[in-house]
Protein chains: 2
Amino acid sequence: MDIAPNPADNEPPRLANQLADQLAERIAMGDYLPGSRLDEVDLAERFGVSRTPVREALIQLGSTGLLTLRPRRGAVVTEVSPQRLMEMFDVMAELESMCARLAARRATRDECLALRAQHDDCVDAVQGNDPDEYYLRNERFHHAIYRLSHNSFLEEQALALSRRLRPYRRLQLRVRARVNSSFAEHAGVVDAISSGDEELAAQRIRGHVTIQGERFADLLSSLARATQG
Amino acid sequence: MDIAPNPADNEPPRLANQLADQLAERIAMGDYLPGSRLDEVDLAERFGVSRTPVREALIQLGSTGLLTLRPRRGAVVTEVSPQRLMEMFDVMAELESMCARLAARRATRDECLALRAQHDDCVDAVQGNDPDEYYLRNERFHHAIYRLSHNSFLEEQALALSRRLRPYRRLQLRVRARVNSSFAEHAGVVDAISSGDEELAAQRIRGHVTIQGERFADLLSSLARATQG
DNA sequence: ACGAAGGCTCTTGTATACAAGATTTATCAT
DNA sequence: ATGATAAATCTTGTATACAAGAGCCTTCGT
């Protein structure tokens, strides 16, 4: 009767981890804009803890690049230049491309069906014209592809960069037309993976993720609006 | 006269950072083997500091994956299974492949010459049959390719994973024949990049980095010897 | 002798205290 | 009035103190 209910690592109760998660979430939601300074005592008071776990959380987020830690000068939300943002999306495209290629090669019949089911889940959000809901299901769809690569390290790397780009993907979907084309592109990816066409799957998801031309301009403008308003 | 001598960020004097660097170095050198437990008070005494900066260093290394931090149970050097090691090298191959492709497209004539010069630097180490020296120059050669991608984010990601794999690359070069073939493969990569052949460059460096077949068996056996002896 | 239960010790997690660099403000000189 | 300089303040970096969970050892029962 005393069997551990969760053999896997269940939520470890460390304040620093919880704080890091919450801060990452708030940054993704735009509560802390790029360039914002994060004061240790302020955060400590706000969360009702001491500076120690706050510092540990800041260090964690600094390691992921979400924050920039300048010694003796505090932590600020990393400012990402348009140039660098495009670089990051290029790397994301390459990682997802690798995921799709491996998925096309390795995914079982059942896994392909499950992926298609998740793609279908996005329909409701598209038809209901609900960008936030689509954002969530879209994210799940992409994460499913990472998993289908059957390369757990690759999956983790892709997830990490995905989290890092979260604030910007969110902005990207604000562009109305993007939700529709995004959904359409997903269908092509599912087909390519299901048919085992590695190169086609890789190529399609690369085109889906890469930001260039007018789509990059769209992202920049909504980014400018978000940081001003 | 009071111009700052170094406009770029010069070494910030934070104990946690220095400790993280030193620990990473010692782990790479095999002073701490996978599975080793890192005691906070022990490290603090050994380095003559308090537990605070030690903890911060451990958290940093935990974020990179070099250490595994189990809440309330301390930090251990992450144990990497053969399966996972191959996964990591696969991702490394993909990142370097992307670097090479971009380098072939973007590198200037001068940059190509500089790369070839660095390749030539490796000759001495090969002829002198000095694996450690070759290890260093080989590393510089690869880092040069990262830089030639002209994608600074990609460069950082590749560098990070390169550091993560450092202990294992080192072992890999212990295999005598590997130094010679490695050097030969470099020449092909330089040629492909210099001639601007993206696909050839990408393909060649992928083959150079990926570990499979008997090369993987070689790595595993030297790894087993290293952890036992 | 073997196994389990309880306490004891050891280690980590968090809070607080102290040190030192960075920033800001006020004062003084030109 | 403007600029620089110096002192005061504020923030971060480090050390120490305290709390609590994890692991170990002893002891007790069968």
Side-chain angles (χ1 to χ4, degrees), chain A residues 1-23 27 32 35-79, chain B residues 1-24 27 32 35-64 66-79:
Chain A
M1 285 297 180
D2 259 325
I3 296 169
N6 216 345
D9 308 69
N10 47 356
E11 204 82 356
R14 258 199 324 195
L15 284 182
N17 291 350
Q18 299 174 229
L19 289 175
D21 289 345
Q22 286 195 43
L23 281 175
I27 291 171
Y32 296 100
S36 306
R37 214 172 143 299
L38 298 186
D39 187 84
E40 293 179 4
V41 290
D42 178 54
L43 289 173
E45 288 173 3
R46 191 184 301 274
F47 286 99
V49 298
S50 80
R51 276 178 56 216
T52 308
V54 170
R55 276 183 67 83
E56 296 187 351
L58 294 181
I59 289 171
Q60 275 187 262
L61 295 177
S63 295
T64 70
L66 201 59
L67 299 182
T68 300
L69 274 50
R70 294 168 306 174
R72 296 257 175 215
R73 304 190 59 197
V76 299
V77 179
T78 302
E79 301 198 66
Chain B
M1 285 297 180
D2 258 324
I3 295 169
N6 216 344
D9 307 68
N10 47 356
E11 204 83 357
R14 255 197 326 191
L15 284 182
N17 291 351
Q18 298 173 229
L19 289 175
D21 288 346
Q22 287 195 45
L23 282 175
I27 291 170
Y32 295 100
S36 306
R37 214 171 144 304
L38 298 185
D39 186 84
E40 293 180 4
V41 290
D42 178 54
L43 290 172
E45 287 172 5
R46 190 184 302 275
F47 287 100
V49 298
S50 79
R51 275 179 55 216
T52 309
V54 170
R55 277 184 66 82
E56 296 187 351
L58 295 181
I59 290 171
Q60 274 186 261
L61 295 176
S63 295
T64 70
L66 202 59
L67 299 183
T68 300
L69 274 51
R70 294 169 306 174
R72 296 258 176 216
R73 305 189 59 196
V76 299
V77 179
T78 302
E79 300 198 66

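These numbers come from the heavy atoms of this one structure, side chains and all, not from hydrogens, waters or symmetry mates. Each chain gets a letter, A, B and so on, in the order the sequences are listed, and its residues count up from 1.
- Note on B:R55: every side-chain N or O is 4.0 Å or more away from OP1 and OP2 of D:dA15.
- In this structure, B:D42 atom CG and C:dC10 atom C1' are separated by 14 Å, rounded to whole Å.
- Counting to the nearest Å, the C1' atom of D:dG13 and the CD1 atom of A:I59 are 10 Å from each other.
- Between the side chain of B:T78 and the backbone N or O of B:T68, at least one donor-acceptor pair lies under 3.5 Å.
- The CG atom of A:L58 sits 11 Å away from the C1' atom of D:dT12 (whole-angstrom rounding).
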Exercise for the section: Go through B:V76 and B:R70 one step at a time and tell me if the side chain to side chain contact (heavy atoms under 4.5 Å, CB included) criterion holds. Expected result: CA-CA 8 Å; B:V76 299; B:R70 294 169 306 174; 3.8 Å; yes
In 5'-to-3' order, the base (B), backbone-only (S) or no-contact (-) status of each nucleotide in nucleotides 16-24 of chain C, using a 4.0 angstrom heavy-atom cut-off, is BB--BSSS-
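- With rounding to the nearest 0.5 angstrom, the CD atom of B:E40 is 9.5 Å from the OG1 atom of B:T52.
- If you run side-chain contact (heavy atoms from CB on, under 4.5 Å) between A:L67 and each of A:I59, A:L38, A:L23, only A:L38 comes through.
- Distance, B:L15 CG to D:dT14 P: 4 Å, rounded to whole Å.
- For C:dT12, one of the phosphate oxygens OP1 or OP2 lies less than 4.0 angstrom from a side-chain nitrogen or oxygen of B:R37.
- Distance, B:R70 CZ to C:dT11 P: 14 Å, rounded to whole Å.
- In this structure, the CG atom of A:L19 is 14 Å from the P atom of C:dG13, given to the nearest Å.
- Regarding A:L69, its CG atom lies at a distance of 14 Å from the C1' atom of D:dT11, rounded to whole Å.
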Run the numbers on A:N17 and A:Q60 for side chain to side chain contact (heavy atoms under 4.5 Å, CB included), then give the verdict.
-> CA-CA 8 Å; A:N17 291 350; A:Q60 275 187 262; 3.1 Å; yes
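- Minimum heavy-atom separation, B:A75 to B:L58: CB-CD1, 4.3 Å.
- Per the geometry, CG belonging to B:L38 stands 20 Å off P belonging to C:dC10, to the nearest Å.
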